[in-house]
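Excluded from the calculations below are hydrogen atoms, water molecules and symmetry mates; all remaining heavy atoms, backbone and side chain alike, are included. Order of appearance sets the numbers: ligands from 1, and atoms from 1 within every ligand. Every value quoted in this text rests on a predicted model; they were computed, and no experiment measured them.
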Amino acid sequence: AQSGEVAADPQQYDQAYLSPVTIGNSELMLDFDTGSADLWAFSNETPASQSQGHERYDSATGTELDGYSWSITYGDQSGAGGNVYTDKVVVGGVTATRQAVEAATSVSASFSQNIDSDGLLGLAFSSINTVQPRQQTTFFDTVRPTLAKALFTCDLRQGDAGSYTFGYIDSSKYQGTVTYVPVDDSQGFWQFTAGGYSVGGDNATSGSVGTAIADTGTSLLYLPAAVTKAYYEQAGGRYDNQQGGYTLPCNGGAPDFSVAIGGKTFTVPGSYIAYAPLTTGSSTCFGGIQPDTGIGFSIFGDVFLKAVYAIFDVSQGSPRLGFAAQ
Ligand SMILES: C[C@H]1CC[C@H](NC(=O)Cn2ccnc2)CC1
């Protein structure tokens, strides 16, 4: 049985985390994204004008799926599309011998401009893979029958290298016990229910967060508007229309944010929520918590995930998420 571990290296401000992946004989840095289900890369088929500074997948090592294509648009309105190959993909020593690899023939500006990222490796459920005419499986679904345990884990860290593991849980990476919650995969996401919350440790847990997804591909923590408003009232933040989100002082006074999941409380340090100065040297920061208005559910992105050890587990028949304090 296979198992393995791969580094997750943070970009500036932990905006995304990138992991080394070998596809054929190309070594690329991919953004592992539990919020989508396509494995795509800049390639020899991506226009030079769009791929300056990126490593590219050389599709010559692959077997083309004739007449197949893919096209994806993410929640931030970024997107990409192209052709499909099968090729050998290796992640932390775990090998998929015939993985669908989606070679980009076009990518949106934000992907071209983020030269650290050579593509994405989707880890949501294969039911939302965009390949046509026949949907393809994610890397995790492809290797799942060969893994020691049918699960992968995520240990993202604030401003430091973390890791993903496939096929095993590393109990040295968390403290205390793991709390498991059921996952509703009907929308293709790692969707769960979050409970009450508290700001700055005042144990008057108020309200309830509700339906949420665990999304390593999203930088911030998107919560219901009422919860977000309550947080920034205590944090001394304000909604800045020009910035398109809440901002707050960078000065280190931001309160912690705690949320109950499966009856256990998980805390995001206030320092994670003073996310990044509006511009270099500014004493005003963009907030790491933002409203989930219009999305349809809350998004527990990297701001939350780097405060926990997360286990994405399909070993029990029904999928489940495990969380433990880091
Ligand atoms: C309003 C939110 C904005 C951010 C959205 N997240 C994404 O688009 C994640 N992603 C994947 C690839 N590139 C980005 C989720 C909605």
Q: Evaluate the ring planes of Tyr246 and Tyr232, with Trp represented by its six-membered ring, and classify them as parallel (under 30°), tilted (30 to 60°) or perpendicular (over 60°).
A: parallel
Q: Measuring from Tyr164:OH to Thr153:OG1, what's the distance to the nearest 0.5 Å?
A: 10.0 Å
Q: What is the closest protein heavy atom to atom 14 (C) of ligand 1, and at what distance does it sit?
A: Asp76 OD2, 3.2 Å
Q: Starting from atom 1 (C) of ligand 1, locate the nearest protein heavy atom and write down its residue, its atom name and how far away it is, to 0.1 Å.
A: Ile295 CD1, 3.7 Å
Q: Within ligand 1, which atoms have a heavy atom of Asp33 less than 4.0 Å away?
A: 11 (C)
Q: Determine whether any heavy atom of Leu120 lies closer than 4.0 Å to an atom of ligand 1.
A: yes
Q: Among Phe111, Tyr222, Tyr74, which residue places a heavy atom closest to atom 11 (C) of ligand 1?
A: Tyr74
Q: Look at the rings of His54 and Phe42 and say which category their plane angle falls in: under 30° parallel, 30 to 60° tilted, over 60° perpendicular.
A: parallel
Q: Hey, does the side chain of Thr34 reach the backbone of Thr216 with a donor-acceptor pair shorter than 3.5 angstrom?
A: yes
Q: Sort and list the pairs that fulfil salt bridge (charged side-chain N to carboxylate O under 4.0 Å, His left out) and have at least one residue in residues 113-139, not counting sequence neighbours.
A: none
Q: Quick one: sort the Tyr85 and Tyr57 rings into parallel, tilted or perpendicular, breaks at 30° and 60°.
A: perpendicular
Q: Polar contacts were defined as any N/O atom of the residue lying under 3.5 Å from an N/O atom of the ligand; does this apply to Gly75 and ligand 1?
A: yes
Q: Any nitrogen or oxygen of Thr218, side chain or backbone, less than 3.5 Å from one on ligand 1?
A: yes
Q: Please say yes or no: joined through hydrophobic side-chain contacts below 4.5 Å, possibly via intermediate residues, are Tyr239 and Phe286 part of one cluster?
A: yes
Q: Would you mind listing which atoms of ligand 1 come within a distance below 4.0 Å of any non-hydrogen atom of Ile299?
A: 15 (C), 16 (C)
Q: What protein heavy atom is closest to atom 9 (C) of ligand 1, reported as residue, atom name and distance in Å?
A: Gly217 O, 3.2 Å
Q: Number the atoms of ligand 1 from 1 as they appear, then name those within less than 4.0 Å of a heavy atom of Ser78, with their elements.
A: 13 (N)
